[in-house]
**Q** 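Structure below; questions to follow.
The shown structure was predicted, so the numbers you read here are calculated from the model rather than taken from an experiment. All residue numbers in this chain count up from 1 along the given sequence.
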Amino acid sequence: EELTRHVEQVATLLRRFEETAGRLLAFALPFNLALRARALRGSGTDPSSDPMLQNLQSELLRLGCNIPPALREELQHLGCRQLPPAASPTRAGTASTEGRG
C-alpha cells in the first residue's frame, strides 16, 4: 500500500513536471523564433528559406503558443507567417498547452 502511494506520488510529480516543461517551451519558443529570424535577417539570409525557422514555426503551431501582441507583430514583420491564432483577451498572458499529453 505504501509503495503504491509512493508510485502514485512520483507519477503525479512527473505529470506536473511535463506540464511545466510544456508551458515553459510554449513561453520561450516565440522568443527563440524572433531571435533566429533577426539573426538570419542580420546576416542577409531570407528567413523563409531557413528549415530550422520553419521547424520552429511548426512547433509553435503544434503547441498553440500564446504570443504577446508586440512579439506577434515583430514575428510577422520578420516574415514568420505560420503563427497560431491570436489569443482572446480573456486568455492573454497564459500559455496554452492544449493537445499535449
Side-chain angles (χ1 to χ4, degrees):
E1 182 177 312
E2 186 174 329
L3 179 61
T4 302
R5 185 175 52 82
H6 179 68
V7 168
E8 289 171 353
Q9 287 175 340
V10 170
T12 299
L13 287 173
L14 290 174
R15 278 193 300 276
R16 287 181 186 161
F17 176 77
E18 182 180 25
E19 291 167 2
T20 301
R23 285 192 299 271
L24 181 58
L25 178 62
F27 173 78
L29 194 57
F31 294 98
N32 186 4
L33 190 61
L35 290 173
R36 184 166 185 90
R38 279 185 192 172
L40 289 167
R41 279 249 171 121
S43 70
T45 304
D46 178 12
S48 65
S49 67
D50 182 54
M52 179 57 78
L53 196 65
Q54 293 169 5
N55 288 341
L56 290 171
Q57 288 182 74
S58 295
E59 186 69 5
L60 204 66
L61 286 170
R62 185 183 73 77
L63 290 172
C65 299
N66 178 22
I67 304 171
L71 183 55
R72 173 180 292 281
E73 187 176 315
E74 180 178 355
L75 288 170
Q76 290 170 338
H77 177 73
L78 290 168
C80 300
R81 302 287 178 237
Q82 299 178 17
L83 301 175
S88 65
T90 58
R91 295 197 54 198
T94 61
S96 172
T97 56
E98 292 173 15
R100 291 185 47 85

**Q** Among all residues two or more places apart in sequence or in another chain, which pass the salt bridge (Lys or Arg N to Asp or Glu O under 4.0 Å) test with Arg41?
**A** none
**Q** Run the side-chain contact (heavy atoms from CB on, under 4.5 Å) test against Thr20 and tell me which residues pass, sequence neighbours left out.
**A** Arg23
**Q** Do you know which two heavy atoms are closest between Cys80 and Leu53, and how far apart they sit?
**A** SG-CD2, 4.5 Å
**Q** Return the CZ to CG distance between Arg62 and Asn55, rounded to the nearest 0.5 Å.
**A** 12.0 Å
**Q** Listing request: all ring-ring contact (aromatic ring centres under 6.0 Å, His included) pairs with a residue in residues 31-77, at least two apart in sequence or in separate chains.
**A** Phe27-Phe31
**Q** Determine whether Leu60 and Ile67 make a side-chain contact, defined as any pair of heavy atoms from C-beta on separated by less than 4.5 Å.
**A** yes
**Q** In Å and rounded to the nearest 0.5 Å, what is the CG to CG distance from Leu29 to Leu24?
**A** 10.5 Å
**Q** Which atoms form the tightest heavy-atom contact between Pro30 and Leu75, and what is the distance?
**A** O-CD2, 4.0 Å
**Q** Check this for me: does any side-chain nitrogen of one of Glu8 and Arg5 sit under 4.0 Å from a carboxylate oxygen of the other?
**A** no
**Q** For Pro84 and Leu61, which heavy atoms make the closest approach, and how far apart are they?
**A** N-CD2, 3.5 Å
**Q** Tell me the closest heavy-atom pair linking Leu71 and Ala34, and the distance in Å.
**A** CD1-CB, 3.8 Å
**Q** Working to the nearest 0.5 Å, report the span between OG of Ser58 and CG of Leu63.
**A** 11.0 Å
**Q** Please enumerate all residues that pass salt bridge (Lys or Arg N to Asp or Glu O under 4.0 Å) together with Arg36, with sequence neighbours excluded.
**A** Asp50
**Q** State which residues pass side-chain contact (heavy atoms from CB on, under 4.5 Å) with Gln76; sequence neighbours excluded, sorted by chain then number.
**A** Arg72, Arg81, Leu83
**Q** Checking Val7 now: which residues fulfil side-chain contact (heavy atoms from CB on, under 4.5 Å) with it, not counting sequence neighbours?
**A** Leu3
